[in-house]
Amino acid sequence: MADKGQRSPVIEVGDGAAIPRPSDVGLFTAWRVAFFGAIAAVAYLAVTRPDPYFRILTFVPDGILVTFKVTVGAILLALILGLFTGLGRLAKNPVINGVASLYVEVIRGIPLLVQIFYIYYALGRIVHIPDIYSAVIAMAICYGAYMGEIFRAGIQSIPKGQMEAARSLGMTHTQAMSHIIIPQAVKVVLPPIGNEFIALLKDSSLVSILAVSDLLRRGREFASESFTYFETYTVVALIYLVITLFFSKLIGLMEERVGVDKRAS
Amino acid sequence: MSTSVRRKMVEAREISKHFGALKALDRVSFEVYDGEKVVIIGPSGSGKSTLLRSINGLETVDRGRILVDGIDIHDPKTDINKVREEVGMVFQAFNLFPHKTVLENLTLAQVIVRKRSRGEAAERAMGLLHKVGIPEKAQAYPSQLSGGQQQRVAIARSLAMGPKLMLFDEPTSALDPEMIGEVLEVMKALAREGMTMVVVTHEMGFAREVADRVIFMDSGAIVEEGAPAHFFTSPAQERTKLFLSQIL
């Protein structure tokens, strides 16, 4: 009968990358080996065999920048879209709820690559915007659906006594949401959102099939001119690995900072 | 100044509530007068919490009317938030806001609902923390407090709004035995100050000492009500006798 609002809820989503925590000793060690190993490997190859490795390294940085732009742009849009979707999925209004649920179900049922193609060409018929924007929008629409489910689960994980207490003090539903429920839900959703960020970073390589010169596409351009496919993709893979591991570590540290759990008793 | 006619703080007329096939409330009528302390007792599932929660609109009723200080709370024209500003509620599970300090728990609604300045809200909050005996915990987070302390903060949080009526939903049921006393003391002090209170509880000692009237509920209906002296010593109904014999 009484909901003991004291237990801290945890959402486990595992489609991003392993975010190392000091408690997970095995993964922590693996992170170090992979991260520093990849950096050392790239450095070693660039020094001992400057042609083609050093040339590859000087050719792809533009692409890394584009990969970042696509990832950051898409994650920000997806967060906004996801918050509204999550709230929509919890709405009592059947129309809002229906639209949000339909969006989630449709998007989750179509492969990302297909969506990117589809949204890219669909957008192309309506508006003329640079390819990179189409790519960002396509990624955001896809990830917004997953974000929406994370937000929904995060909000639902807050004990209902919190809403009741807030409403009993005379707060409106909106005030209770913005001051009481969402701030608590943010802490709960932070780890899965970090996961989604990493997943999106990796999936951003799919936009290389559009005319977007991200890291993978720059690599392909170099490889097809110099016929050094193996060498180029080795470097591209190692760069992705270093970036992904760097961010997973950064997110892990951020969570430790922000997510200091004041709820646990 | 004072009128001889006592003001009705709560007036419930024939309210009914179903949860599926279960009749939680079956045409219940009762009233609470200004300054009165009413204790509701009864076995679990008897509808006492539902009754209490319907007074501030946390539960809607299927039928009947509830007037709080003369305002029909189920009238679509009524702003339920305005009514709730005047009705404090204390929960079994405390329901403090875990991401806010004790002080912020007490000031938040004062600032955003009552539109008081931060300084005024904080001053009022500190006064109430002194009253419930834990001013030193103002900057602590709820998780750093014992259950008894959390519940005292929850009472202070409700009082900070300056309510005309306080509702208590089994305020000591989630507490370890040694912490029940400190919470009941705060409630007794509140009663002595003349606060209008409706308390759902299993603490019969508290009911005897504080209540002006005790209501016994069973199966969604009020079985018997009366002054505690009479109620506990010579109840009229068999079901009341049975219940009292089981818990006393």
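Letters A, B, ... are given to chains in the order of the sequence lines, protein chains preceding strands, and every chain is numbered from 1.
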*Asks:* Under 4.5 Å between any side-chain heavy atoms of B/V87 and A/S168, yes or no?
*Replies:* no
*Asks:* How far apart are the C-alpha atoms of B/N81 and A/Q175, what are their side-chain angles, what is the distance that settles it, and do they pass the side chain to side chain contact (heavy atoms under 4.5 Å, CB included) test?
*Replies:* CA-CA 11 Å; B/N81 299 317; A/Q175 286 173 331; over 6 Å; no
*Asks:* Can you say whether B/L58 sits under 4.5 Å from chain A via the side chain, the backbone, both, or neither, judging by heavy atoms?
*Replies:* side chain
*Asks:* Is there side-chain contact between A/R167 and B/N56, with at least one heavy-atom pair below 4.5 Å?
*Replies:* no
*Asks:* Does atom CD (B/E31) have a neighbourhood of more than 12 heavy atoms from anything else shown, all under 6.0 Å?
*Replies:* yes
*Asks:* Is there a side-chain contact between B/F97 and A/P183 (heavy atoms, below 4.5 Å)?
*Replies:* no
*Asks:* Using a cut-off of under 4.5 Å on heavy-atom pairs, state which of B/K100, B/R157, B/K82 scores highest against chain A.
*Replies:* B/R157
*Asks:* List the atom of A/Q184, the atom of B/P98, and the distance in Å for their closest heavy-atom pair.
*Replies:* OE1-CG, 3.1 Å
*Asks:* Hey, is CZ on B/F19 packed in by over 12 heavy atoms from elsewhere, all under 6.0 Å?
*Replies:* yes
*Asks:* List the steps and the verdict of side chain to side chain contact (heavy atoms under 4.5 Å, CB included) for A/I180 and B/L108.
*Replies:* CA-CA 10 Å; A/I180 305 302; B/L108 178 66; 3.5 Å; yes
*Asks:* Counting only heavy atoms not in A/F84, do more than 12 fall under 6.0 Å of its CZ?
*Replies:* no
*Asks:* Do B/R84 and A/L169 touch side chain to side chain, with heavy atoms closer than 4.5 Å?
*Replies:* no
